[in-house]
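Only one structure is covered here, and it is reproduced in the block below.
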Amino acid sequence: PFYLHLQPNNPTMQYQFKEIEAYWQKKWANEGTYRVSENPDKEKFYVLDMFPYPSGAGLHVGHPLGYIASDIIARYKVHQGYEVLHPMGYDSFGLPAEQYAIQTGQHPAITTEENIARYRTQLERMGFNYDWEREVRTSDPSYYRWTQWIFQEIYNSWFNVETKRAEPISDLEAAFAENGSYGVNAAIDADWYKALDLKDFHFGEYFIGEFTSTDWQLLNAAQRSEILSHYRLAFLADTWVNWCPALGTVLANDEIKDGVSERGGHPVEQRLMKQWSLRITAYADRLIEGLEGLDWPDSIKEIQRNWIGKSRGATVRFQVEKHQAYIDVFTTRPDTIFGVTFMVLAPEHALVSQITTTDQQQAIEAYIARAKARTERERQSEVKHVSGAFTGAYAAHPFSGERLPIWIGDYVLAGYGTGAIMAVPAGDQRDWSFAHAFDLSIVNIFDGQDISKGAYAEKTGKLAKSGFLNGLEVAEATEEVIRELELKRIGYGKTNYRLRDAIFSRQRYWGEPIPVYYEGGQTHLIDQKDLPLTLPKIDSYLPTDSGEPPLARAAKSDWPLFKGEAMEHSTMPGWAGSSWYFLRYMDPKNTREMVAADKVHYWGAVDLYMGGAEHATGHLLYSRFWTKFLCDRGFIPFEEPFQKMINQGMILGRSSLVHRLELASYLVPGVPDGAELPSPRNFPVVYVTKEIYEDWAKDGKLNLHKFAVEQRLETLLHELLGKDHNMNLSNAEWEYSFTRLHVDVNMVRNDELDLAAFAKWRTENADAVIITNEDGVYKCSHEIEKMSKRWFNVVTPDDLCEEYGADTLRLYEMFLGPVEQSKPWDTQGISGVHNFLKRFWRLCHPGDGEFSINRTEPTPKELFILHRTIKRVTEDLDRFSWNTVVSTLMIAVNDLTTEKSSNAQVLEGLLVLTSPYAPHFAEELWKKLGHSDSITREAWPTYDEKHLEEANFEYPVSFNGKTRFKLSLSVEMGAKEVEAAVMALADTAKYLEGKDPKKIIVVPKRIVNIVF
RNA sequence: GCCCGGAUGGUGAAAUCGGUAGACACGCAGGACUUAAAAUCCUGUGGCCUCGCGGCUGUGUGGGUUCAAGUCCCACUCCGGGUACCA
């Protein structure tokens, strides 16, 4: 009929994003549009996203923020002619799948597989240009075979302090055989010289073992292997570890937040356990220095520097009185040595039991027992509380010989430095407080400083009462004292790090087995040709009754590969697989090598790494460590994995909360004691609106809506009492308590709760009473917090793809603001970008919606719009300003709409600019414009300044800095001419108020400012 | 406590080299089309004063440098992140 032709939105001609996106996703997959391979004719670009842990909750809208940003850069670089590696995979070993397995008995591999399938579907729907042929999974044996292989290579290496590099352990063995330990300067276990009971005191930063080649030849294989084990970069050692009883495993420092486990929030305690560790401390210096050349956010670099915590100072030896023992301490202030009045050992210090006198034994033991019983959290919360005990022993001051009482105290940490300190109460606030608490002497070694109220910790001023250091400044004194210590052989200058060696054992099931077995008291590696060492079958994923890791449940026959007398029972930490995954993407199917040399040479380091800042001290540090190691050993040609990094912000969820009122007690006046009233517990739960809750929160009373609520309660009381009572309830006094409950955001819009959905959702409260406003609306309150299943505030990209399409979602997430910024998710503005695509679509479907374009030469105006857009989009993408590109594209479409322009040449250029953001949309119109090839590899347009030149510039004319009017003048005019033109105006004379101008500033093509 | 960031309309934000503050959107208000709704389009929209022309004011606070400051310098307030008996 007639009216159908008039319908401006003939539905078949509208922007049909669903069909378009489904069509192109299928076509891209079928045609392998996004496959990449090494292409020596092209320059490479490597864009990487931090791969996700495939959790059961699936992706929420926060995940794709970084993925979209990196996808846009990847597509942009393809248009520019680069060969772009942009892969995706899964960090698929981890705790949640294991805990689910503990609860249900389902093998974690099955859970993981299901979750990955869901992630894959979600990711594909967003139209990313990943080369899916390169997908990796850390839990796949063909992948972790190489994780195990790297571990073995680390085990087979030592760190040469002279060359500052990891070298094969076989080289060290050869050196020992030839020259003994002479000339070997290695990073080794800090306390090893004590373990070997070598009495000599050694100088320099590291222990240099002292044996000759003859000594070495005389050792048997077991002895040699024992010595070598202390040099290896992967070693077994008794270590103070963070033990989490609830998780049944040790945790690394970066897996703990505020004294509790990061995952689950369980308490953590200190335990001495034999653990595999990796000698990351050997790389501490290189990890700091390497930051220099990286294009990373300053905050991340700073976090890493602080985490490594390099400090320069000295080690000083104190002789213990009446014992053949000494205490080594580390101090950053050796210049304050004459201020030492006592010493403090960590309660766990090995010397404590040896030197404690009989009188003090009881006090010391009680103190140690108390310290042990406290969890890490308790200890941290009592930080300001001073505690300690006296051992009864004394040490001698190395210069004055004065007697220094030796105390223990938990403000001295066993794991840092040597676990002992020289206390200088004059210069350190903690020592000062300790001295005051236990009435120990204080010597003021600072000239003219008052220390009666607190220690003087500044690093300025002159020393006094300090023997040969008197009158010296801090820097001079430090140098002087170190010289003296080294001369007397009682100390040496030393650099200390806060960074600890990385504990590598986890008492868990769902991780890479450490490819090691034991036989004859010796550690052996599983033969590399037999790798991977896969996980054994076990009957339960819990630790054994005796507290052994789950793998200890496996019988010999349960292991796919069993060697020697016993297998290693711990698995690798979560960060093992993620420390090198970026290498595997280059060559994911290689069965002979971790990565082929030609491939790793071609692709090199990651050029752009997108991910969250929360990995600053974990993943980002460990993968730098492994990369440096692999580079040292010649497996890869670069030592920093990620050249440029951008941290996308977190997209926060908007949680909705309902307020649940519970009756605490109530009183009906006039009711005699002992009369039967229903218990408050028998009242149904009452849900009240935000307003009622806020009102109550102010003063604990229900004012505004008192009537509504209390009348309701009265009615309920009547019902509970039955018809026959004759009590007067109108003066009843009610006492309440409130709880706030998270409810599913999907049943809340603009803070208004969908009552029907809510009733259905919380079935257990079927008899609950819901009090609404007069107009029947229930208002929730909300809170902005991390998106999480447990807060019911997760918004998935699937819903938005369904409603608006992936292209709109992609544009919208970029349009929200700078990617680095965290922001709450809010769909309010999504119609803006969706309209942009619809308007763009209408440019080529004008009038009645038929596709129609103009193939004539573009007008100057059209060329201006196009070239201005090319310039801005290119410049913005080059500085990773994703959000402003969207505005620029919108402006172009708005301007072309105003011009009623549908010029093919202009549209084509604009489509290439748009395609990184809205790839399906761009492909579709590209095809309609008559192209049979995908737009993907179309060359990025370049702009020509000649189209941007404008004849005139509109000068803002200011008087004393205030803009008064505008004047359009030719851009050809110089400063003098512009000045003349402005001064000739009547308006100028008006604003000058008859005064003479003092100064006239003319910046051509910018501004005119007249000062008078 | 210490170390990093940040603060711009009702909202998300833009302003790249010190040069027209608020681009682009959302929201809101008004209008067109429609029986109506949706969709679409047009107009206005930092605040205050004014019928209007226009004026004053305005980028967390206070000061400074400059012809000119959101941008640079100093001091402070608040918010976010990191870290904490690290000797």
Side-chain angles (χ1 to χ4, degrees), chain A residues 7-9 14 257-258 297-307 309 311 313 329-334 336 344 379-380 382-387 409-413 415-424 427-431 433-434 457 496-500 613-614 616-617 647 649-650 811-812 815-818 820-824 826-833 835-836 838-839 842 872 875-876 878-879 881 883-891 894 897 954-966 997-1003 1005-1012:
Chain A
Q7 281 286 342
N9 294 313
Q14 268 180 345
K257 282 254 142 74
D258 304 320
D298 288 336
S299 60
I300 300 286
K301 292 193 191 181
E302 202 53 34
I303 289 170
Q304 290 210 345
R305 276 190 208 103
N306 291 340
W307 188 261
S311 54
V329 301
F330 172 74
T331 175
T332 53
R333 294 292 303 276
T336 63
V344 187
R379 206 184 56 78
Q380 281 189 14
E382 291 171 19
V383 153
K384 289 286 161 284
H385 181 76
V386 179
S387 72
D410 66 1
Y411 82 98
V412 177
L413 306 176
Y416 182 75
T418 61
I421 60 152
M422 58 177 221
V424 183
D428 185 288
Q429 189 53 46
R430 294 156 304 180
D431 297 345
S433 307
F434 198 84
N496 221 23
Y497 299 92
R498 204 187 81 108
L499 184 72
R500 317 283 176 82
E614 67 273 19
T617 53
N647 299 122
M650 210 188 312
L811 279 161
Y812 184 57
F815 189 62
L816 279 174
E820 296 89 338
Q821 234 159 71
S822 288
K823 50 221 149 198
D826 179 8
T827 45
Q828 288 261 307
I830 202 164
S831 62
V833 288
N835 278 344
F836 157 70
K838 288 200 278 188
R839 285 163 69 105
R842 278 201 301 275
R872 287 191 191 163
E875 286 173 357
D876 285 358
D878 284 340
R879 66 188 175 99
S881 175
N883 55 328
T884 51
V885 172
V886 184
S887 314
T888 305
L889 293 171
M890 284 176 169
I891 292 168
N894 289 349
T897 303
E954 194 167 58
Y955 282 91
V957 181
S958 306
F959 292 81
N960 287 340
K962 278 181 193 159
T963 309
R964 293 299 178 178
F965 60 85
K966 286 168 191 170
K998 279 191 201 136
K999 196 171 182 182
I1000 301 169
I1001 291 110
V1002 178
V1003 185
K1005 288 169 86 174
R1006 277 228 192 264
I1007 200 167
V1008 176
N1009 191 11
I1010 299 166
V1011 187
F1012 65 95

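All values derive from a computational prediction rather than experimental measurement. In what follows, every heavy atom counts, from backbone to side chain, and hydrogens, waters and symmetry copies are set aside. Lettering of chains follows the sequences in order, A, B, ..., and the numbering in each one begins at 1.
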Need one value for [X]: base, sugar-phosphate or nothing, where a base atom within 4.0 Å counts as base even if backbone is also close, heavy atoms only.
X	answer
A/I303	sugar-phosphate
A/V1003	base
A/N894	sugar-phosphate
A/R964	sugar-phosphate
A/K962	sugar-phosphate
A/P818	sugar-phosphate

For B/G60, glycosidic torsion class - syn if within 90° of 0, otherwise anti: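 You should classify B/G60 as anti.
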Syn-anti status, with the boundary at 90° from 0, for the nucleotide B/C17: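 Syn, which is what one calls it when the glycosidic angle falls within 90° of 0.
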Value rounded to 0.5 Å, distance of CG in A/N883 from CG in A/L811: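 Output value for this atom pair is 12.0 Å.
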Spacing of OG1 belonging to A/T617 relative to CD1 belonging to A/I303, to within rounding of 0.5 Å: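 That separation rounds to 7.5 Å.
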Would you mind reading off the distance between [X] atom [atom1] and [N] atom [atom2], rounded to a whole angstrom?
X	N	atom1	atom2	value
A/L889	B/A14	CG	C1'	15 Å
A/K966	B/G19	NZ	P	16 Å
A/E820	B/A13	CD	P	12 Å
A/R498	B/U83	CZ	P	8 Å
A/K1005	B/G19	NZ	P	16 Å
A/K998	B/A68	NZ	P	11 Å
A/L811	B/C26	CG	P	13 Å
A/I421	B/C86	CD1	P	10 Å

Expressed as a whole number of Å, how far does the [atom1] atom of [N] sit from that of [M]?
N	M	atom1	value
B/G6	B/C76	C1'	16 Å
B/G58	B/G70	C1'	11 Å
B/G5	B/C72	P	12 Å
B/G63	B/U59	P	12 Å
B/A75	B/A21	C1'	26 Å
B/A25	B/A15	C1'	16 Å
B/G62	B/A69	P	16 Å
B/G55	B/C33	P	37 Å

Counting only Watson-Crick pairs (N1-N3 plus N6-O4 or O6-N4) and G-U wobbles (N1-O2, O6-N3), all under 3.5 Å, who is the partner of [N]?
N	answer
B/G52	none
B/U66	none
B/U43	B/A29
B/G5	B/C79

Closest-nucleotide ordering on RNA chain B, the 5'-leading residue of A/V412 and A/V886: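 This one resolves to A/V886.
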Of A/V833 and A/R333, the one whose closest RNA chain B nucleotide lies more 5':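 Closest to the 5' end, via its nearest nucleotide, is A/V833.
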A/R879/A/T884 under side chain to side chain contact (heavy atoms under 4.5 Å, CB included): CA gap, chis, key distance, verdict: CA-CA 11 Å; A/R879 66 188 175 99; A/T884 51; 4.3 Å; yes
Please determine, for the side chain of [X], which listed nucleotide ([options]) has the closest atom?
X	options	value
A/Y416	B/U16, B/A23, B/A87	B/A87
A/M890	B/A14, B/C26, B/C24	B/C24
A/T963	B/A21, B/A25, B/C67	B/A21
A/R842	B/A15, B/C41, B/C86	B/C41
A/N1009	B/U16, B/A68, B/U20	B/A68
A/K999	B/A23, B/C85, B/C67	B/C67
A/L413	B/C85, B/C26, B/C41	B/C85
A/R879	B/U16, B/C85, B/G19	B/U16
A/S887	B/A23, B/U20, B/C85	B/A23

Heavy-atom check, side chain of [X] versus side chain of [Y], under 4.5 Å:
X	Y	answer
A/T336	A/M422	yes
A/F836	A/Y812	no
A/R872	A/I891	yes
A/M890	A/V833	yes

Protein proximity profile, nucleotides 3-12 of chain B - base contact B, sugar-phosphate-only contact S, no contact -, cut-off 4.0 Å on heavy atoms: SS-------B
Between the main-chain N or O of [Y] and the side-chain N or O of [X], is there a donor-acceptor pair closer than 3.5 Å?
X	Y	result
A/K823	A/P818	yes
A/Y955	A/R1006	no
A/S958	A/N1009	no

Presence of A/N883 side-chain N/O under 4.0 Å of B/C24 phosphate oxygens OP1/OP2: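 For A/N883, the contact criterion (side-chain N or O under 4.0 Å from OP1 or OP2 of B/C24) is not met.
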N or O in side chain of A/N835 less than 4.0 angstrom from B/U40 OP1/OP2: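 Answer yes for this pair, as a side-chain N or O of A/N835 is under 4.0 Å from OP1 or OP2.
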Side-chain-base donor-acceptor pair under 3.5 Å for A/K838 and B/U40: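 Donor-acceptor pair under 3.5 Å: no.
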CA sep, side-chain torsions, deciding dist, call: A/D431, A/Y411, side chain to side chain contact (heavy atoms under 4.5 Å, CB included): CA-CA 9 Å; A/D431 297 345; A/Y411 82 98; 2.7 Å; yes
